[in-house]
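Have a look at the structure below, then the notes.
Keep in mind that the numbers below use all heavy atoms, side chains included, and drop hydrogens, waters and symmetry copies. Remember, predicted model here, so these are calculated numbers, not experimental data. A, B, ... follow the sequence lines: proteins, then strands. Residue 1 opens every chain.
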Protein chains: 2
Amino acid sequence: MTIVEEKTAADPCAEAQRYLRPDGQDQYTISEVAEFTGMSAHTLRWYERIGLMPHVDRSHTGQRRFSNKDLDWLAFVGKLRLTGMPVADMVAYAEMLRAGDHTSRQRQALLEATRVDVVRRIAELQDTLSVLDSKISAYAGAGQAPERTA
Amino acid sequence: MTIVEEKTAADPCAEAQRYLRPDGQDQYTISEVAEFTGMSAHTLRWYERIGLMPHVDRSHTGQRRFSNKDLDWLAFVGKLRLTGMPVADMVAYAEMLRAGDHTSRQRQALLEATRVDVVRRIAELQDTLSVLDSKISAYAGAGQAPERTA
DNA sequence: TGTTTGCCTAGAGCGCACTCCAAGGTCCTA
DNA sequence: TAGGACCTTGGAGTGCGCTCTAGGCAAACA
């Protein structure tokens, strides 16, 4: 929790890179990663199980040790999740990555389709925002006039 | 179907007001409303059952006859749904509406909270968009370079 | 030397938002 | 007057994305 509040001074967008990654240390326990990413440890294990994460390194006793690369990937997954992309599609992307270079065309296509989707969703939300604004200003102006249109 | 393709010339945003509502006619069957709103008839009945719709008028044989006011409400619900607002919250709003004028302050607050949420989501999506763009341009530029960062 | 804490696994369970089913009534056309 | 499309209801089922449970292992602390 305390870590979340710190941020690198050079980063203009605190939301994007919430977690601190000291360069000297490249080994995170699952609970640390849960804290950094906001995902639960259950979710992280589940992501690995369904193939949304590459297999994570283990300690000699079998405990997961996440790397900075894993954190990068999880940050990306977190972004995709915000777009409403189905987990199955993310898994498909991850599998294409694992499959190698010959899938890069498909991966690019998938990202581009996602991009189109995100643009559409932004437009929808902006439209919704204007609806909300007009209702809110009706409430602010009258007090009970908006009753008619809900 | 044919109705959907017509649109009022004055409306700059076809997405928002997809359906045509002839002023002379104020009675729609559930399947018509399903077509206009893109919601299934099942969903419309379900919305009524859970209290997200006010009770809809019935024909003498008990079939639903939706009014233009119902369509307005459904359009609003559709917008709220796009924001990711839980259905339970929308029901709460609907109940406040039914409860009368003394809830208008709370309703306004709820809409304002929703607004804040929508603004945040737009920001998140725009952030995601820039992540996607940088990945896409990496794919477009190199072909296999993005491999490292996924 | 306990006890607590954190982690492991496979698999079951949950909440949400629908979505469908069964059994039956109604409307419309021929 | 028959047939088919459409509507009704209550309740069960589905798919998704987690979320939790049970039973157990390992390290750290009192």
Side-chain angles (χ1 to χ4, degrees), chain A residues 1 3 27-53 55-67 70 73-74 76-95 114 117 121 124, chain B residues 1-3 25 27-53 55-67 70 73-74 76-95 114 117 121 124:
Chain A
M1 259 316 171
I3 289 173
Q27 301 269 85
Y28 308 97
T29 66
I30 198 164
S31 59
E32 283 170 331
V33 175
E35 197 174 295
F36 295 163
T37 62
M39 298 161 178
S40 76
H42 289 304
T43 299
L44 292 170
R45 289 192 201 101
W46 180 64
Y47 279 180
E48 189 183 355
R49 229 192 304 179
I50 65 176
L52 183 51
M53 287 279 313
H55 279 296
V56 176
D57 281 352
R58 303 300 175 116
S59 72
H60 68 285
T61 57
Q63 299 196 351
R64 287 173 184 80
R65 293 294 176 259
F66 291 78
S67 67
D70 293 329
W73 173 247
L74 283 170
F76 182 53
V77 164
K79 289 289 176 207
L80 291 183
R81 189 171 58 161
L82 286 177
T83 71
M85 181 189 241
V87 167
D89 290 5
M90 296 186 224
V91 171
Y93 183 83
E95 278 167 358
T114 303
D117 206 57
R121 292 173 63 79
E124 284 172 353
Chain B
M1 255 317 172
T2 61
I3 291 174
Q25 189 198 346
Q27 302 269 85
Y28 309 96
T29 66
I30 198 165
S31 60
E32 283 170 331
V33 175
E35 198 172 295
F36 295 164
T37 62
M39 297 162 179
S40 77
H42 289 303
T43 299
L44 292 170
R45 291 193 199 99
W46 180 63
Y47 279 179
E48 189 182 354
R49 229 191 304 178
I50 65 175
L52 184 49
M53 287 278 315
H55 278 294
V56 176
D57 281 352
R58 303 301 173 117
S59 72
H60 67 286
T61 56
Q63 298 196 350
R64 286 174 185 80
R65 294 293 176 257
F66 290 78
S67 67
D70 293 328
W73 173 248
L74 284 171
F76 182 53
V77 165
K79 289 289 177 208
L80 290 183
R81 190 169 57 160
L82 287 177
T83 71
M85 180 188 243
V87 167
D89 290 3
M90 296 187 222
V91 171
Y93 183 82
E95 278 167 359
T114 304
D117 206 57
R121 292 173 65 78
E124 284 172 352

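- Atom CD1 of Ile50(A) is separated from atom P of dG11(C) by 16 Å (rounded to the nearest Å).
- Nucleotide dA26(D) holds its C1' atom 16 Å from the CD1 atom of Ile30(A), rounded to whole Å.
- Closest to the side chain of Thr43(A), from the set dT19(C), dT8(D), dT19(D), is dT19(D).
- Residue Leu82(B) contributes atom CG, which lies 14 Å from atom P of dA17(C) at whole-angstrom precision.
- Taking atom CG of residue Leu44(A) and atom P of nucleotide dG6(C), one finds them 16 Å apart after rounding to whole Å.
- In this structure, Met85(B) and Met90(B) approach most closely via the heavy-atom pair O-CE, 3.2 Å.
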Under 3.5 Å between N/O atoms: give me all the protein pairs with nucleotides 12-17 of chain D, atom names plus distance.
{"residue": "dG17(D)", "atom": "OP1", "partner": "Val87(A)", "partner atom": "N", "Å": "3.2"}

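- Closest approach of Trp73(A) and Leu52(A) over heavy atoms only: NE1-O, 2.6 Å.
- Straight-line distance from the CD atom of Glu35(A) to the P atom of dC7(C): 11 Å, rounded to whole Å.
- Taking every heavy atom of residues 57-67 of chain B and every atom of DNA chain D, pairs under 4.0 Å involve Arg58(B), Gly62(B), Gln63(B), Arg64(B), by number.
- Considering every non-hydrogen atom in both Leu74(B) and Tyr47(B), the closest pair reads CD2-CD1, 4.2 Å.
- Residues Asp70(A) and Ser67(A) have side chains that bring a donor and an acceptor to within less than 3.5 angstrom of each other.
- Closest non-hydrogen pair, Phe66(A) versus Leu44(A), comes out as CZ-CB, 4.4 Å.
- If you measure from atom NE2 of His42(B) to atom P of dC20(C), you get 6 Å, rounded to the nearest angstrom.
- A sub-4.0 Å separation between OP1 or OP2 of dC6(D) and a side-chain N or O of Thr29(B) is absent.
- Between Glu48(A) and Arg45(B), the one whose closest nucleotide on DNA chain C sits nearer the 5' end is Glu48(A).
- Scored by the side chain to side chain donor-acceptor pair (under 3.5 Å) test, His60(A) finds no partners at all (sequence neighbours excluded).
- Look at Arg64(A) and Glu48(A) and you find a salt bridge, because one of the NZ, NE, NH1 or NH2 atoms lies within 4.0 Å of a carboxylate O, short of that distance.
- For Thr43(B) (side chain) and Met39(B) (main-chain N/O), no donor-acceptor pair under 3.5 Å exists by modelled atom type.
- Here the closest heavy-atom approach between residue Ala94(A) and residue Gly51(A) is recorded as CB-O, 3.6 Å.
- When rounded to the nearest whole Å, the span between CD of Glu32(A) and P of dT5(C) equals 18 Å.
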